[in-house]
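This chain uses plain numbering: 1 for the first residue, then up along the sequence. Counting convention: from 1, in listed order, for ligands and their atoms alike.
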Amino acid sequence: MTDVTGVPADVLHTLFHSDQGGHEQVVLCQDRASGLKAVIALHSTALGPALGGTRFYPYANEAEAVADALNLARGMSYKNAMAGLDHGGGKAVIIGDPEKIKTEELLLAYGRFVASLGGRYVTACDVGTYVADMDVVARECRWTTGRSPENGGAGDSSVLTAYGVYQGMRASAQHLWGDPSLRARRVGIAGVGKVGHHLVEHLVKEGAEVFVTDVREEAVRRITERHRDVVAVRDTDELIRVDGLGVYAPCALGGALNDDTVPVLTAEVVCGAANNQLAHPGVEKDLADRGILYAPDYVVNAGGVIQVADELHGFDFERCKAKAAKIFDTTLAIFARAKEDGIPPAAAADRIAEQRMHDAAAARRAR
Ligand SMILES: NC(=O)c1ccc[n+]([C@@H]2O[C@H](COP(=O)([O-])OP(=O)(O)OC[C@H]3O[C@@H](n4cnc5c(N)ncnc54)[C@H](O)[C@@H]3O)[C@@H](O)[C@H]2O)c1
């Protein structure tokens, strides 16, 4: 059964009734002149204006787009809460192939819809949108971040994302081995793109034994030509089986931790930049059962969102770096809570984030 919007009843049920939902607001946007069709989902504004990027993607249908926006917005609430930001969670999706339909007119129309929310939602880049696009959106909407430095923005967020992941790794080492140093530890990085290649630099500097893989040969070559000691392996399958691997860092796509990979991982720690590393609920428990320490992805990869949030106040790299450095303490606190409550770190992170949102909402009601 569908309602007049074509949104299936189960999606509406998720929105209003399910424990997985509880979103505050969902806005369906259409500008027929430019062909824009977008969904803006605000999961929570308990901690402040909802912040999250705009995904531009050729969804198979509108219902899939709504479902994705709802999931992504909820994820941003948790990520922003754990990053200590005064921002709730939101996300927007634009339906269509960006290669084919992205135009200045469409982005401007999108900017007007975001502006119509009056600051309840702050947008940024995500899959399929780039700093140049945010520069255009910003012409219609001041609640836009992730812009280019020439337009008052902070630019590429991968530098601080990598720095945050590195801090998460150091915290994992501290928790597991009693020392944050990664010196002489074997660290395997799957995906040496924007974030992964910066991560290599931190690890090489610290004296780790680094292994890398990527589906793009040139990405691997760029690293091995610069650092002769970095070892390139054929693929992720080989990487996760490297003997004596201390840390595995998924830095490519989501779903890296699944029923096929978890049983064969040689690493003692998983800590990487990729979003949604756990392929399905329950994988976090499988990791814990194998004695593998998992540093929750949305906690350690928050350097990027810390940067875009900072941009709203006039970007300052050193201030942002100091905030991203706190990922070390946050990760340690999650491991401590996990131990205390007898639950996997991913569940502990969710509990801490939910508590922060709950407390903020209660404080607001009391005012
Ligand atoms: N860029 C950021 O600031 C940021 C922030 C938070 C999270 N993330 C997440 O981190 C991950 C990496 O982001 P990025 O910005 O570096 O993206 P990117 O596209 O620059 O890099 C990803 C790399 O992974 C490689 N890759 C793809 N499939 C692979 C496979 N099967 N095996 C090995 N390598 C593979 C690609 O060739 C590419 O080099 C993504 O999941 C992204 O969502 C990025």
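Take Glu268 and apply the salt bridge (Lys or Arg N to Asp or Glu O under 4.0 Å) test, not counting sequence neighbours, and it matches no residue. For Asp310, the salt bridge (Lys or Arg N to Asp or Glu O under 4.0 Å) test picks out Arg319, Lys323, with sequence neighbours left out.
Residues lining ligand 1 at a heavy-atom distance below 4.0 Å are given as Ser157, Ser158, Thr161, Gly191, Gly193, Lys194, Val195, Asp214, Val215, Arg216, Thr236, Cys251, Ala252, Leu253, Ala273, Ala274, Asn275, Asn301, ordered by chain and residue number.
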What donor-acceptor contacts under 3.5 angstrom involve side-chain atoms of residues 89-99, with partners at least two apart or in another chain?
{"residue": "Lys91", "atom": "NZ", "partner": "Asp126", "partner atom": "OD1", "Å": "3.1"}
{"residue": "Asp97", "atom": "OD1", "partner": "Glu99", "partner atom": "N", "Å": "2.9"}

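If you run side-chain contact (heavy atoms from CB on, under 4.5 Å) between Val27 and each of Leu42, Leu117, Val39, only Leu117 comes through. Checking each of Glu105, Arg147, Glu104 against Val136 for a side-chain contact (heavy atoms from CB on, under 4.5 Å) leaves exactly one that passes, namely Glu104.
Atom CD of residue Glu206 and atom CE of residue Met169 lie 10.5 Å apart, to the nearest 0.5 angstrom.
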